[in-house]
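Excluded from the calculations below are hydrogen atoms, water molecules and symmetry mates; all remaining heavy atoms, backbone and side chain alike, are included.
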Amino acid sequence: MASVPTDPYELLHWNMKLAHATYEKGYEIIIPLLDNPPKDDLKNFLGYCEAWGHSIVHHHDTEEATVFPILNKKMDFSHEQEQHKEVHAFLDKFLETIKQAQADPSKFDAAALKQLMESAKDVMFTHFSEELVHIGASKLREAGFTEAECKTMIAEMEKHAKSAGDPFLVVPYMRSHTPAEYKNIWPPMPWVLRKVAVPYMLAKKHSGYWKYAPYAMS
């Protein structure tokens with residue numbers, strides 16, 4: 001059974017690894033569907049695509065607001081911030097393309113959308129992997145961060161994540177892309193949210209979107 005790391009220096013890497021895995025999983029789901037898109041369920045498919053893109057934006061906004069300012073006091077995360085700009089240039093185009101297709105389904109071009117996503121894969125996946133190396137426990141120790149600073153960084157990150165973004169997209173996306181072995185421990189939330197509020201309230205608004213998700217909601 002998976003468990004939350006007890007070493008404060010491991011918490012950031014652990015959280016980021018799980019978050020990045022959800023975005024990589026979403027990419028792997030969307031790409032093959034664009035070869036044979038569900039045209040009879042286009043509204044829900046486009047909504048799922050929107051949730052994927054919006055979730056990455058929310059994740060990066062949280063890092064920019066809470067994680068990088070702390071890390072940059074003792075380390076240099078300018079490379080990751082430049083990568084964010086490249087990823088977001090793609091996400092802006094991606095979400096605008098989705099928005100146009102939602103407003104007018106005749107504008108949906110699966111081949112063009114797939115090409116757009118594939119053109120951004122290297123920079124996006126490279127960012128996900130390189131960032132994990134840079135925030136490893138040994139790196140944080142070497143930089144001189146204290147256990148208290150590591151705990152504070154996680155607390156600020158979680159606080160911002162809960163207060164920003166569209167909860168009807170971000171939270172159900174995260175939960176439905178989290179494997180069963182982590183469901184009870186990540187993202188951290190009370191039982192009533194995991195078992196009641198998310199599946200029966202937050203996920204209900206766009207219930208059709210989550211048929212494309214890989215895992216159960218709760």
Note, Ile30 side chain near Lys114 side chain (heavy atom, < 4.5 Å): no

Is any side-chain heavy atom of Gln102 closer than 4.5 Å to a side-chain heavy atom of Lys43? no

Would you say the ring centers of His79 and His127 fall short of 6.0 Å from each other? no

If you compare all heavy atoms of Ala2 against all heavy atoms of Tyr182, which two are closest, and at what distance to 0.1 Å? CB-CE2, 3.4 Å

Residue pair His20, Tyr27: steps toward the ring-ring contact (aromatic ring centres under 6.0 Å, His included) verdict: CA-CA 11 Å; His20 292 176; Tyr27 182 96; over 10 Å; no

Decide yes or no on side chain to side chain contact (heavy atoms under 4.5 Å, CB included) for Asp92 and Glu96, but give the supporting numbers first. CA-CA 6 Å; Asp92 287 345; Glu96 180 58 30; over 6 Å; no

Just how far is it from atom CE of Met75 to atom CD of Glu142, taken to the nearest 0.5 Å? 8.0 Å

Evaluate side chain to side chain contact (heavy atoms under 4.5 Å, CB included) for Met217 paired with Ser176, printing each intermediate quantity in order. CA-CA 5 Å; Met217 191 62 67; Ser176 62; 3.8 Å; yes

Residues, nucleotides or ligands: over 12 heavy atoms within 6.0 Å of Lys74 NZ: yes

Which word best sums up how the rings of Phe108 and Phe45 line up, parallel for under 30°, tilted for 30 to 60°, or perpendicular for over 60°? perpendicular

Contact between Leu12 and Ile154 at the side-chain level, heavy atoms closer than 4.5 Å - yes or no? yes

Does Tyr200 share a hydrophobic cluster with Val171, counting links as ILVMFWY side-chain heavy atoms below 4.5 Å and allowing steps through other members? no

I'd like to know whether CD of Gln115 has more than 12 heavy-atom contacts from other residues, nucleotides or ligands below 6.0 angstrom. no

Once you measure the plane-to-plane angle for Tyr23 and His59, does it fall in the parallel (<30°), tilted (30-60°) or perpendicular (>60°) bin? tilted

Pi-cation contact, Phe90 with Lys93 (under 6.0 Å, within 45°): no

Can you tell me if His206 uses its side chain to pair, donor with acceptor, with the backbone of Leu169 under 3.5 Å? no

Say whether, by atom type as modelled, one donor and one acceptor occur between the side chain of Trp52 and the main chain of Tyr48 under 3.5 angstrom. no

Does a side-chain heavy-atom distance below 4.5 Å link Leu71 with His134? no

Can you tell me if Gln83 and Glu131 form a side-chain donor-acceptor pair at under 3.5 Å? no

Closest heavy-atom pair and its distance - Cys150, Leu140: SG-CD1, 4.2 Å

Do the side chains of Val57 and Val170 join up, straight or via other hydrophobic residues, at under 4.5 Å, putting them in one cluster? no

Within the structure provided, determine whether Met189 and Arg175 are in side-chain contact (heavy-atom separation under 4.5 Å). yes

Looking at NZ of Lys121 and OG of Ser119, how far apart are the two atoms once the value is rounded to the nearest 0.5 Å? 12.0 Å

Less than 4.5 Å apart, any side-chain heavy atom of Tyr212 and any of Cys49? no

What about Val198 and Met201, same hydrophobic cluster or not, with Ile/Leu/Val/Met/Phe/Trp/Tyr joined at side-chain heavy-atom distances under 4.5 Å? no

Is the distance between the ring centroids of His177 and Tyr215 under 6.0 Å? no

Asp7 and Arg141 ion-paired at < 4.0 Å: yes

Look at the side chain of Glu158 and the backbone N and O of Ala155, then say whether any donor-acceptor pair between them is shorter than 3.5 Å. no

Would you find a donor on one side and an acceptor on the other, under 3.5 Å apart, between the side chain of Lys25 and the backbone of Pro214? no

Supply the atom-to-atom distance Met153 CE to Ile135 CD1, rounded to the nearest 0.5 angstrom. 8.0 Å

So NZ of Lys204 and CG of Leu202: to nearest 0.5 Å the spacing works out to 12.0 Å

Could you go step by step and tell me if His88 and His60 meet the side chain to side chain contact (heavy atoms under 4.5 Å, CB included) rule? CA-CA 9 Å; His88 280 255; His60 282 177; 3.0 Å; yes

When every non-hydrogen atom of Ala19 is compared with those of Thr22, the smallest separation belongs to O-OG1, 2.6 Å

Leu42 and Pro105 have their tightest heavy-atom pair at CD2-CB, 4.0 Å

For Glu10 and Ala137, which heavy atoms make the closest approach, and how far apart are they? CG-CB, 3.9 Å

How about Trp186 and Asn15: do any of their side-chain heavy atoms sit closer than 4.5 Å? yes

Say whether, by atom type as modelled, one donor and one acceptor occur between the side chain of Ser207 and the main chain of Ala203 under 3.5 angstrom. no

State the CG-CD distance between Leu113 and Glu118, to the nearest 0.5 angstrom. 10.0 Å

Would the Phe145 and Tyr9 ring centres measure less than 6.0 Å apart? no

Looking just at side-chain N and O atoms, do Thr66 and His160 make a donor-acceptor pair shorter than 3.5 Å? no

Cluster check Val123, Leu95: I/L/V/M/F/W/Y, side chain < 4.5 angstrom: no

Quick one: are the ring centres of Phe68 and His84 less than 6.0 Å apart? yes

With rounding to the nearest 0.5 Å, note down the distance linking CE in Met157 to CD1 in Ile70. 10.0 Å

With heavy-atom distances below 4.5 Å as the criterion, would you say the side chains of Val87 and Phe128 are in contact? no

Do you see a donor-acceptor pair shorter than 3.5 Å between the side chains of Tyr173 and Asp166? no

Looking at every non-hydrogen atom in both residues, tell me the closest pair between Met174 and Pro187 and how far apart they are. CG-CG, 3.5 Å

Met124 vs Ile56, side chain to side chain contact (heavy atoms under 4.5 Å, CB included): CA-CA, chis, key distance, verdict: CA-CA 10 Å; Met124 185 163 52; Ile56 301 175; 4.1 Å; yes

